[in-house]
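Please read these numbers as outputs of a predicted model, since none were measured by experiment.
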Amino acid sequence: MSTDQQWSEEQQRVDLVTDQIERKITELEKEVGSFRDEVVEMRKDFWDEVTMNFSEADDVGETSTSMRQQSQVLSDRERSHLNTAAALDKMKRLHHSPYFGRIDFKEDGYPQAERIYLGIASLLDEKEESFLVYDWRAPISNLYYDGAPGPITYHTPSGEISGDIEMKRQFVIRDGRIRFMFDTGVTIGDELLQAVLSRTSDAQMKSIVATIQKEQNRIIRNDRTRMLIVQGAAGSGKTSAALQRVAYLLYKYREHLQADQMVLFSPNPMFNSYVSTVLPELGEENMLQTTFQEYLERRLGREYQLEDPFIQLEYVLSNMEDPGYMARMSGIRFKSSESFLKVITRFKDSLMSEGMKFKPVRFQGQAVVTAEAMAEKFYSFGSSVKLVNRLEMLRDWMLKELSAFGKSELEAPWVDQQLDLMEPEDLQRAYQRLKRKQKGKVDTFDDFAQEREILARMVVSDRLKPLRKWIKSLRFVDIRQLYAHLFQDQSQMIRLLEGEALPAHWDEICSMTLRRMKVQELAYEDITPYLYLRELLLGFHINSNIRHVIIDEAQDYSAFQLAFMKRLFPRAKITALGDFNQAIYAHSSVLRGTGPLTNLYGPENTEVIELTRSYRSTQQIVEFTRGMVPGGEEIIPFNRSGEKPAVIVSSNTEEHMKKIAADLSHLIQEEYESVAVICKTAEESKEVHEALSRVLPAAPKLIKKTTLAFERGVHVIPAYLAKGVEFDAVLIYDGSAEQYAQEHERKLFYTACTRAMHLLHVYSLGKPSPFITSQPQQLYAINHVSAAQTD
C-alpha cells in the first residue's frame, strides 16, 4: 500500500473516532447538565424533604434518619456529577488528539493481528465491546514503549501473553487532522521527538506520553522497589517521567491509591506551578505538592526564625571574604552528614542514664515542679523502661503534682481577688457546671461555702489549664538546652563521634550555633538535626497515609534530611530524582555514588536507573555544557541542531549592559516565548532587573524565592531558582572568571547554562570563566564587544 493510501486510511479512522468522541461529548454534556440541575434543586429543597420533629425521642431519631438519607442521596448525585464531568473533560482532551501511536500485534494462536491505538485515555466503541483507543498505561501499551517489530511477550493481570509486533506507527494529530505519521522501530522515533523538542517552551511542563523513551518507561512502570533512584543528566526527562509514573500508579492501583496519598517535594514554590498541569492533562488529580522548607516551617516556624536553603546558598556564594566563612562551610558539611545523624542517635541513647534537661513548671512565679525534681523522678524509673515511656510516666506524675498544687491554691488570696471580679455570666457557667455534676438536682446555690468552693475550683482549674496542656504535650522537655549542649561540651562530642575527628573550626562552629540559638534562630543546617532530636525524644510525627513520595532535585538534600524523611513516611515508597552535576549546595550530595540513598532501605530494596541522553538542549549546547562537569562525556546529546553557544566579552559595565539589552530586544522581536537572564545571586538579579527595566520597552519579570507562578516572557532569575525549569533562550548575565572560578561554583554555572533549549549566550565582564575556556574553542563562538557594537 502506498504512503498516500496509508495516510488516507488512517485519516478516515481519525474521522471515525473523532465522530464517536463528539457524540460521546454531546451525551456527557447532557448528563452533566442534568446532574447539575438535580444537585442544585436538591440543595435548594433539602430541608423540605426532611421530616422535622423534636418533640419526642423517637421523633428525634426519625428526624436524624431522614436527614441522613437525604444527605446520602445528595452526596450520591454530587459524586455522579463529578465523575461525569471528569469523563467529559477526558473526552474533550481526546477530541483534540485522540491517539499518538499504533501497534499491530498478532497474538500466538490467532490468525490475524489486532490494531492497537494508544492515547491518553481509553475509548470504547458505541456498543462498548472493543477499544478504539487504549490508555497508554494499560499493560498492552507497554509493547509500544519497549517492543520492537518481531516476537514479544508482555504481562497482564491474568498472565503472560506472547506474539509478534508486525508494525509500530507514530502520529501527531491535532484538531482531527494527522500532522505527522511514520513507522518506527524500538525507540520512539526521532522525527516525533524533533517535532516536539523544536517547539518553544511553555509556562507549564507538558505530558510526554507520546515520546516516552524505553529508559523513561522503566522509571514509569517500576512498582517493585521501595527506593527508586533516578540519576539523570540535565534535560533527560527525569521529572516528566516521574510525573507520568504517578499517573501510571494511580491508573494501575486505582482501587487502592488516591492522589492525596502521594506527595511531591519540589525545589521551590514556582516549580509546583510549573508542573501543576501534567497530571490534569492525563485526567488525574494533582498529588500533594510542597517543599521541604514548608514542612520545616510548619513544625518549627512558631518557635524559631528559620533560615531557608536559599539564604544559606546566598551566603555561600556571596560571603567568601567573611572571617567565619570557612567555619560555616565546615559546620554545614558536618551537620548535614551521616556522622552527625549517628551523633544525635547516640546522644539520645546516652540520655537514658544521664543528662536529660527539663524546664520547671512555674505558676505566678512559683515553682510547681522544679527541673531537679523532674530529673530525679525521670531517672527513678527502671533502666529497662524506654525513654519515650519514661517521659509519659513523668508526664502523668507531673499532672498529679499539678492537681495537688491546684487544691493547695483554693484558699490563696489571688483566688478571692478573681472571685470578686467575676461577671454574672461566669457565675451562671459555674452553676451549669455544678448542675451537670449533680445531674440536675440543684436549682440554685444555697450555701455560701459551697458556692465559693465551686467557683474557686473553676477559677483555679481555668488558670492551670494552659499548664496542663503544656505538660500533656511534653513541652517540659528542654530540647533547646539539649541540642545546645552538643555544642557546649567538647569532651562529650568527642565520645559521641566514636573515633571520628571533630570537624575543622569546631570552636567557631559551636559559638556560631549557640549565638543564633540565643536569639531564637536556627541556621538551615541545624533545622533538621534539631527537629530529629526532638522527634527521637518525644515521638515521631509520622504520616502513614502517604504511600508514594517523589523527591525532585534529590542531590540538594543532605543524608540527614533523607533519613528524616524515611522516618516521616514509614509506609511510603520513594522515588528520588536528581543530577549530581547540579548539586549546588554546600553539603555533600547524596547522589555522590548514591551511597546514602541506597543505604536508606538497603541494596536489595533499591534500584538505580541512569538517564544519560539529554533532550532539552540542542546538540551544540549539550556538547558545550557537558565539558564543564566530571563525567560529562557520558551525556549523550539528542540530534537536534542549533547555533553554537555564544560567549560575549566586554570590558566595562556600560557596554556589557547595552549589549545584553540589545540582544534581548532582538530575541523579543524574533518572538522567543521565554527568555531568562540568569544571574548568580538574588542581589545581582535585583540590580540587573532594575537596570533592564529602565531600557526595555516592557519590564522583565523578576523571579524571587517567593514567586509562585511561572509565566512566559523575559525573566531575570538567580541560577539556583532556575533548576528544573527550561527556557527558549538563556542569557548568562556574567560568566566571567570573577564570578565563576571556584570549584564549588562549577555546578551552579553548569545548572544555569543547561536551562537553555535553543539558544545560549554567556556574557562575560572581563576574562571568561575557566569553565568556559577549558572547553575546546570550536564548541563556542567568542565575540569581543566594542563601544561601536553597543551604540
Side-chain angles (χ1 to χ4, degrees), residues 204-205 239 242-243 246 258-279 285-315 332 335-336 479 516 520-535 540-570 572 574-578 582 584-587 590 682 703-710 717-718 720-725:
Q204 269 97 24
M205 182 179 284
T239 304
L243 293 171
V246 170
Q258 305 297 322
D260 63 3
Q261 292 177 295
M262 311 181 86
V263 61
L264 168 67
F265 280 91
S266 303
N268 54 62
M270 185 182 73
F271 187 82
N272 287 337
S273 163
Y274 183 60
V275 301
S276 63
T277 57
V278 174
L279 288 170
E285 288 182 48
N286 259 324
M287 61 183 149
L288 303 173
Q289 292 177 220
T290 187
T291 64
F292 191 58
Q293 183 69 18
E294 285 171 358
Y295 172 78
L296 296 174
E297 288 285 353
R298 283 198 299 273
R299 297 299 312 281
L300 288 173
R302 281 182 288 183
E303 298 175 42
Y304 285 96
Q305 180 72 34
L306 303 182
E307 182 183 57
D308 65 42
F310 308 120
I311 294 174
Q312 185 201 70
L313 189 56
E314 287 279 336
Y315 175 87
I332 289 171
K335 292 173 182 177
S336 304
I479 306 296
R516 293 188 80 156
Q520 301 292 103
E521 287 181 10
L522 283 178
Y524 182 64
E525 60 271 22
D526 282 301
I527 303 171
T528 306
Y530 181 94
L531 185 56
Y532 186 74
L533 176 62
R534 190 170 87 170
E535 304 279 274
F540 264 82
H541 284 64
I542 62 172
N543 189 328
S544 298
N545 183 54
I546 297 297
R547 298 304 176 87
H548 285 272
V549 176
I550 313 290
I551 304 174
D552 206 353
E553 305 294 350
Q555 76 280 352
D556 293 340
Y557 289 76
S558 69
F560 206 131
Q561 290 169 334
L562 285 155
F564 180 82
M565 290 179 79
K566 177 188 174 182
R567 294 287 293 264
L568 180 60
F569 302 110
I574 296 179
T575 303
L577 319 162
Q582 295 180 65
I584 60 175
Y585 288 92
H587 54 253
V590 295
I703 303 299
K704 306 175 185 176
K705 65 182 179 183
T706 53
T707 301
L708 295 178
F710 181 73
I717 183 170
Y720 55 80
L721 286 181
K723 297 186 77 167
V725 186

Testing the basics here: between D552 and L264, what is the closest heavy-atom pair and its distance to 0.1 Å?
CB-CD1, 4.3 Å

Could you go through the side chain to side chain contact (heavy atoms under 4.5 Å, CB included) check for Q305 and E521 one step at a time?
CA-CA 5 Å; Q305 180 72 34; E521 287 181 10; 4.0 Å; yes

Geometric class of the F292/F564 ring pair [parallel <30°, tilted 30-60°, perpendicular >60°]
perpendicular

When rounded to the nearest 0.5 angstrom, what distance separates CG in L562 from OG in S336?
11.0 Å

Between Y530 and L533, is a side chain to side chain contact (heavy atoms under 4.5 Å, CB included) present by the stated rule, with each step listed?
CA-CA 5 Å; Y530 181 94; L533 176 62; 6.0 Å; no

Residue set satisfying ring pair (Phe, Tyr, Trp, His ring centres under 6.0 Å) with Y720, at least two apart, ordered chain then number -> F310

Rounded to the nearest 0.5 Å, how far apart are CG of D308 and CD of E294?
11.0 Å

Is there a donor-acceptor pair under 3.5 Å between the side chain of Q561 and the backbone N or O of T528?
no

Might you confirm whether atom CD of E285 has over 12 heavy atoms from other residues, nucleotides or ligands at distances under 6.0 Å?
no

Exceeds 12 heavy-atom contacts within 6.0 angstrom, atom NZ of K566:
yes

Do E553 and Q555 have a side chain donor and acceptor closer than 3.5 Å?
yes

Applying salt bridge (Lys or Arg N to Asp or Glu O under 4.0 Å), run through E314 and K705 and close with a yes or a no.
CA-CA 12 Å; E314 287 279 336; K705 65 182 179 183; over 6 Å; no

With the threshold set at 4.0 Å, does a side-chain nitrogen-carboxylate oxygen contact exist between D556 and K723?
yes

Please round to the nearest 0.5 Å and tell me the distance separating atom CG of L296 and atom CD1 of I527.
5.5 Å

Rounded to the nearest 0.5 Å, what's the gap from CE on M262 to OG1 on T575? Could you check?
7.5 Å

For the pair E525 (side chain) and I332 (backbone), establish whether a donor and an acceptor sit closer than 3.5 Å, ignoring hydrogens and angles.
no

Take E307 and R516 through the test side chain to side chain contact (heavy atoms under 4.5 Å, CB included) and record every step on the way to the result.
CA-CA 11 Å; E307 182 183 57; R516 293 188 80 156; 3.8 Å; yes

Non-hydrogen atoms of I550 and A242 that approach each other most closely
CG2-CB, 4.1 Å

Where is the tightest heavy-atom contact between P309 and Y524, given as atom of each residue plus distance?
CD-CE1, 3.5 Å

Can you confirm if the aromatic rings of Y295 and F265 lie within a centre distance of less than 6.0 Å?
no

From the list L708, I717, T706, side-chain contact (heavy atoms from CB on, under 4.5 Å) partner of M270 resolves to I717

Counting distance only, does the side-chain N/O of E535 pair as donor-acceptor with the main-chain N or O of H541 below 3.5 Å?
yes

Decide side chain to side chain contact (heavy atoms under 4.5 Å, CB included) for V549 and L568; before the verdict, give the C-alpha distance in whole Å, the side-chain angles of both, and the deciding distance to 0.1 Å.
CA-CA 11 Å; V549 176; L568 180 60; over 6 Å; no

Non-hydrogen atoms of L721 and K704 that approach each other most closely:
CD1-C, 3.3 Å

Between CG on residue N543 and CZ on residue R567, distance to nearest 0.5 Å:
15.0 Å

From CD1 (I574) to NE2 (H548), nearest 0.5 Å:
11.0 Å

Over all atoms of both residues, closest heavy-atom pair of S544 and I542
OG-CD1, 3.6 Å

